[in-house]
Amino acid sequence: MDTAERLIESTRELLWERGYTGTSPKAIQQHAGAGQGSMYHHFSGKPELALTAMRRSAEQLMAQADAQLSSGTALERVSAYLLRERDALRGCRVGRMAMDPDVIDSPELRRPVQETFTWLRGRLAEIIAEGLAAGEFDAALDPRDTAAMITAVVQGGYVLARAEGSQEPFHQAVRGAVALLAARSTTAER
């Protein structure tokens, strides 16, 4: 792995662990085993490096979500997304950035967070709409509202897990969402 890659990957890890505000250029350099000159050779500073790292985390999150959302019935796809293995105590690499005041105050740094969650809600809404069109879900289910609920359950589940110091609140939240969706399914076995 070259120096630029080590810097990006180190920044991804530190942002996930400490947030933007808690991640210093010195910590990034130490974690990457790179000198100050190397960092500033590849990036103009912490904001550019963090933005690159955040974009990579966003791309990874979208690719992982899309893998779960790509095959099966609408209920199976959404359930696969909700129930996939996650380290709930570490939280979401992208969602973590929404809690950082310096990220939220910067339109440029906030953009990958906003775009990721906009994409995720849109993708989930498409799947719910497909399920409605196929007669899989009760017609009263609103795709956009349901997509927002699913996204909020996952992100809120991370918060609950971290607050409790246990994975269980996360698992309860996603199992509850799956049960609610199954209850609105016209094809689920009862």
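- A pairwise comparison of heavy atoms in Ala65 and Leu120 identifies CB-CD1, 4.1 Å as the closest pair.
- In terms of the ring pair (Phe, Tyr, Trp, His ring centres under 6.0 Å) criterion, residue partners of Tyr158 (sequence neighbours excluded) are, by chain and number, Phe170.
- Between the side chain of Thr11 and the backbone N or O of Ala50 there is no donor-acceptor pair closer than 3.5 Å.
- Ser185 places a side-chain N or O within donor-acceptor distance of the main-chain N or O of Glu136, the cut-off being under 3.5 Å.
- Residues Leu109 and Met54 approach most closely at O-CE, 2.9 Å, considering heavy atoms.
- A 4.5 Å side-chain heavy-atom check between Ile8 and Phe43 finds at least one atom pair inside the cut-off.
- The main-chain N or O of Gln114 is never found under 3.5 Å from a side-chain atom of Trp119 such that the two would form a donor-acceptor pair.
- Cluster membership check: Leu75 shares its hydrophobic cluster with Leu83, using side-chain heavy-atom separations under 4.5 Å among Ile, Leu, Val, Met, Phe, Trp and Tyr.
- Atom CZ of residue Arg96 and atom CD of residue Gln155 lie 12.5 Å apart, to the nearest 0.5 angstrom.
- Shown here are the salt bridge (Lys or Arg N to Asp or Glu O under 4.0 Å) partners of Glu5, two or more places apart in sequence or in another chain: Arg56.
- A 4.5 Å side-chain heavy-atom check between Phe117 and Thr151 finds at least one atom pair inside the cut-off.
- Using modelled atom types, one side-chain atom of Glu76 and one backbone atom of Thr73 make a donor-acceptor pair closer than 3.5 Å.
- Shown here are the side-chain contact (heavy atoms from CB on, under 4.5 Å) partners of Arg18, two or more places apart in sequence or in another chain: Leu14, Thr23, Ala27.
- Checked options Ser10, Ser44, Pro25; the residue passing with Met39 is Pro25 (criterion: side chain to side chain contact (heavy atoms under 4.5 Å, CB included)).
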**Study point:** Worked verdict on Val94 versus Gln60 for side chain to side chain contact (heavy atoms under 4.5 Å, CB included)
**Key:** CA-CA 10 Å; Val94 176; Gln60 184 182 57; over 6 Å; no
Exercise for review: Check step by step if side chain to side chain contact (heavy atoms under 4.5 Å, CB included) holds for Thr146 and Leu124.
Suggested key: CA-CA 8 Å; Thr146 304; Leu124 289 164; over 6 Å; no
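- Taking each heavy atom of Gly131 and Ala74 in turn, the nearest pair found is CA-CB, 3.7 Å.
- For the residue pair Ala32 and Arg6, the shortest heavy atom distance occurs at O-NE, 2.8 Å.
- More than 12 heavy atoms of other shown residues, nucleotides or ligands fall within 6.0 angstrom of atom CE in Met62.
- Ion pair Arg175/Glu168 flagged as a salt bridge, since at least one NZ, NE, NH1 or NH2 atom sits closer than 4.0 Å to an Asp/Glu carboxylate oxygen.
- In this structure, the side chain of Asp100 engages the main chain of Thr21 through a donor-acceptor pair within 3.5 Å.
- Within a 6.0 Å radius of CD in Gln167, other residues, nucleotides and ligands contribute more than 12 heavy atoms.
- Within the structure, every pair that satisfies the side chain to side chain donor-acceptor pair (under 3.5 Å) test and touches residues 120-130, not counting sequence neighbours, is listed here: Asp66-Arg123, Arg77-Glu130.
- You'll find the side chain of Ile150 reaches within 4.5 Å of the side chain of Leu181, heavy atoms only.
- Counting only heavy atoms from C-beta outward, the side chains of Val154 and Leu82 approach each other to under 4.5 Å.
- Classification of Arg12 and Glu9 as a salt-bridged pair holds, one side-chain N sitting under 4.0 Å from a carboxylate O.
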Practice item. Take Leu15 and Ser57 through the test side chain to side chain contact (heavy atoms under 4.5 Å, CB included) and record every step on the way to the result. Key: CA-CA 10 Å; Leu15 290 174; Ser57 291; over 6 Å; no
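- Scanning all heavy atoms of the two residues, the minimum distance from Ala147 to Ala125 falls at CB-N, 3.5 Å.
- Taking OG of Ser38 as the start and CG of Leu7 as the end, the distance is 7.0 Å to the nearest 0.5 Å.
- A continuous path of Ile, Leu, Val, Met, Phe, Trp and Tyr side chains, each step under 4.5 Å between heavy atoms, connects Ile128 with Met149, placing both in one hydrophobic cluster.
- The OG atom of Ser166 sits 8.0 Å away from atom NE2 of His171, with the distance rounded to the nearest 0.5 Å.
- Looking at residues two or more places apart in sequence or on another chain, you find a side chain to side chain donor-acceptor pair (under 3.5 Å) between Glu13 and Arg90, Arg93.
- The heavy-atom pair separating Pro112 from Leu51 by the smallest distance is CG-CD1, 3.6 Å.
- Between Pro143 and Leu132, the closest side-chain pair of non-hydrogen atoms falls below 4.5 Å.
- Applying the salt bridge (Lys or Arg N to Asp or Glu O under 4.0 Å) test to Arg110 and every residue at least two apart in sequence or in another chain returns nothing.
- By the criterion of side-chain heavy atoms lying less than 4.5 angstrom apart, applied directly or through intervening Ile, Leu, Val, Met, Phe, Trp or Tyr residues, Ile127 is not grouped with Leu180; the two fall into different hydrophobic clusters.
- The backbone N or O of Tyr20 sits less than 3.5 Å from a side-chain atom of Lys46, completing a donor-acceptor pair.
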